[in-house]
Q: 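Take this structure, written in structure tokens, and hold onto it; I'll ask about it next.
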Amino acid sequence: MNIEQTLKERAKEAETTVVSYLPEVTGYPKTVLEAMEYSVEAGGKRIRPVLMREVYHMCGGTEDSLIGPFMAAIEMIHTYSLVHDDLPAMDNDEYRRGKWTTHKKYGEAMGILAGDALLNYAFETAIQAFEAASAENLAQTAEALRVLARKAGIYGMVGGQVVDVEKDGNFVDEDMLLYVYVNKTSALLESCFMIGGILAGCTADEVQTLEKSARKLGVAFQIQDDILDVIGDEQTLGKPVGSDERNEKTTYVSLHGLENAKAKVKQYTEQSIELLQAFDGEKEFLTGLMTWMIDRDK
Ligand code: GRG
């Protein structure tokens, strides 16, 4: 199977789903609605909704109308996090995905508001899954919503970002470094895997296995990011390399060296995929995509 080609097709489908749930650009708050649309439509790999749907299918889920609102919601939350991460108070970036960042195009106030609006609208969208839910999967839909809220919040992505911002990348030890990786990067991936499993009717033990698998995938993804900052090619990456060393940031590479970091990425990825062997469903593309995410050179 050609993973990149299949990802392109699935990402396009996921994008169509996400865009179909965006609010209409109309009325007095038109500017912020346009900024929301601009941020979501700016591009991106769409790996979170694609992973969510693949896990849902692997676990036996078949209702696109049930998983669709959650696929849209996770991409809206991911997009809001990038919009806010780019703000002057955080990373102060002017470009993302080759385009102006949202605050650069619409102004800082609209950047903040577009992020807020995307986060809130993500939950309004996920709640639409109740309309597709049958009597027997109402409880599963509520549980999926709970996981979405928790993993995006203070016990998930926001928590990781808080420590990252406060420490400015200078973590005191590996425990704190891993806290940031697990929360800032893994948490949303965990929610994708867990929601896919929950909506497909997995047991609590199976959902926990999915959470573990995604946690390892996220940490491997983040360590690979650290590695690329050392050995990546600026042209391919589309951003300057060596920034972690210049900013004296603690990374897995600075703590353990390049070779150990590479070995850890390999080990975590293998463990992440191994955990999925507990599931009988089709996973050739899912595991191929997981390997692709880690093997990336950009
Ligand atoms: C503002 C609460 C808040 C959180 C921000 C997402 C984030 C947390 C910061 C961005 C910096 C970063 C490197 C985060 C780790 C997660 C990550 C690798 C995000 C990029 O995800 P991709 O590669 O992006 O899926 P695309 O552009 O493809 O959607």
Side-chain angles (χ1 to χ4, degrees), residues 4 7-8 10-12 14-15 18-19 38-52 71-72 74-93 95-99 101-103 111-120 122 149-169 177-192 214-215 217-229 232 236-239 241 243-244 247 249 251-252 265 289-290 292-298:
E4 267 187 51
L7 172 61
K8 228 184 213 167
R10 307 270 161 102
K12 189 87 212 118
E15 187 168 297
V18 177
V19 169
Y38 172 81
S39 315
V40 171
E41 292 187 355
K45 297 181 288 296
R46 316 298 188 194
I47 49 179
R48 290 160 192 80
V50 169
L51 285 168
M52 187 188 279
M71 289 168 61
I74 197 70
E75 191 65 13
M76 288 177 200
I77 292 175
H78 167 60
T79 306
Y80 119 76
S81 80
L82 300 179
V83 170
H84 278 189
D85 191 60
D86 290 335
L87 285 168
M90 295 211 205
D91 276 2
N92 197 15
D93 282 319
Y95 289 95
R96 178 173 291 276
R97 300 155 170 169
K99 294 191 169 140
T101 48
T102 309
H103 69 87
I112 294 170
L113 289 166
D116 292 341
L118 278 169
L119 173 58
N120 209 72
R150 182 149 180 114
K151 295 291 183 187
I154 191 61
Y155 298 110
M157 183 179 68
V158 173
Q161 178 77 351
V162 168
V163 177
D164 199 5
V165 166
E166 196 173 43
K167 294 286 160 196
D168 203 16
L177 177 79
L178 283 179
Y179 173 87
V180 171
Y181 288 9
V182 162
N183 287 283
K184 191 174 107 170
T185 311
S186 291
L188 284 199
L189 296 173
E190 287 169 25
S191 77
C192 294
R215 181 162 300 190
L217 178 70
V219 175
F221 190 65
Q222 191 57 58
I223 298 177
Q224 180 64 14
D225 224 50
D226 299 344
I227 293 173
L228 289 176
D229 193 62
T236 317
L237 280 169
K239 62 174 185 182
V241 295
S243 68
D244 292 340
N247 299 324
K249 277 193 168 189
T251 69
Y252 201 88
V265 168
L289 173 58
M290 289 160 72
W292 176 86
M293 281 169 61
I294 307 302
D295 277 348
R296 71 206 159 97
D297 56 4
K298 60 180 174 184

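Start at 1 and go down the list; that is how both ligands and their atoms are numbered.
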Q: Look up atom CD1 in Ile227 and atom CG in Asp244, then write down how far apart they are to the nearest 0.5 Å.
A: 11.5 Å
Q: Taking a 3.5 Å cut-off between nitrogen or oxygen atoms, can you list every pair linking ligand 1 to the protein, with distances?
A:
residue: ligand 1; atom: 21 (O); partner: Arg48; partner atom: NH2; Å: 3.1
residue: ligand 1; atom: 23 (O); partner: Lys45; partner atom: NZ; Å: 2.6
residue: ligand 1; atom: 25 (O); partner: Arg48; partner atom: NH1; Å: 2.7
residue: ligand 1; atom: 25 (O); partner: Arg48; partner atom: NH2; Å: 3.4
residue: ligand 1; atom: 27 (O); partner: Arg97; partner atom: NE; Å: 2.9
residue: ligand 1; atom: 27 (O); partner: Arg97; partner atom: NH2; Å: 3.3
residue: ligand 1; atom: 28 (O); partner: Lys45; partner atom: N; Å: 2.9
residue: ligand 1; atom: 28 (O); partner: Lys45; partner atom: NZ; Å: 2.8
residue: ligand 1; atom: 29 (O); partner: His78; partner atom: NE2; Å: 2.7
residue: ligand 1; atom: 29 (O); partner: Arg97; partner atom: NH2; Å: 2.9

Q: Only counting residues at least two apart or in another chain, list the ones meeting side chain to side chain donor-acceptor pair (under 3.5 Å) with Tyr181.
A: Asp226
Q: Taking Arg97 for the side chain and Gly43 for the main chain, is one N or O donor matched with an acceptor at less than 3.5 Å?
A: yes
Q: So, taking the atom named NE2 in His78 and the one named CG in Leu189, what distance separates them when rounded to the nearest 0.5 Å?
A: 9.5 Å
Q: Report the residues that fulfil side chain to side chain donor-acceptor pair (under 3.5 Å) with Arg46, sequence neighbours left out, ordered by chain and then residue number.
A: Glu15, Glu75
Q: Run the salt bridge (Lys or Arg N to Asp or Glu O under 4.0 Å) test against Asp229 and tell me which residues pass, sequence neighbours left out.
A: none
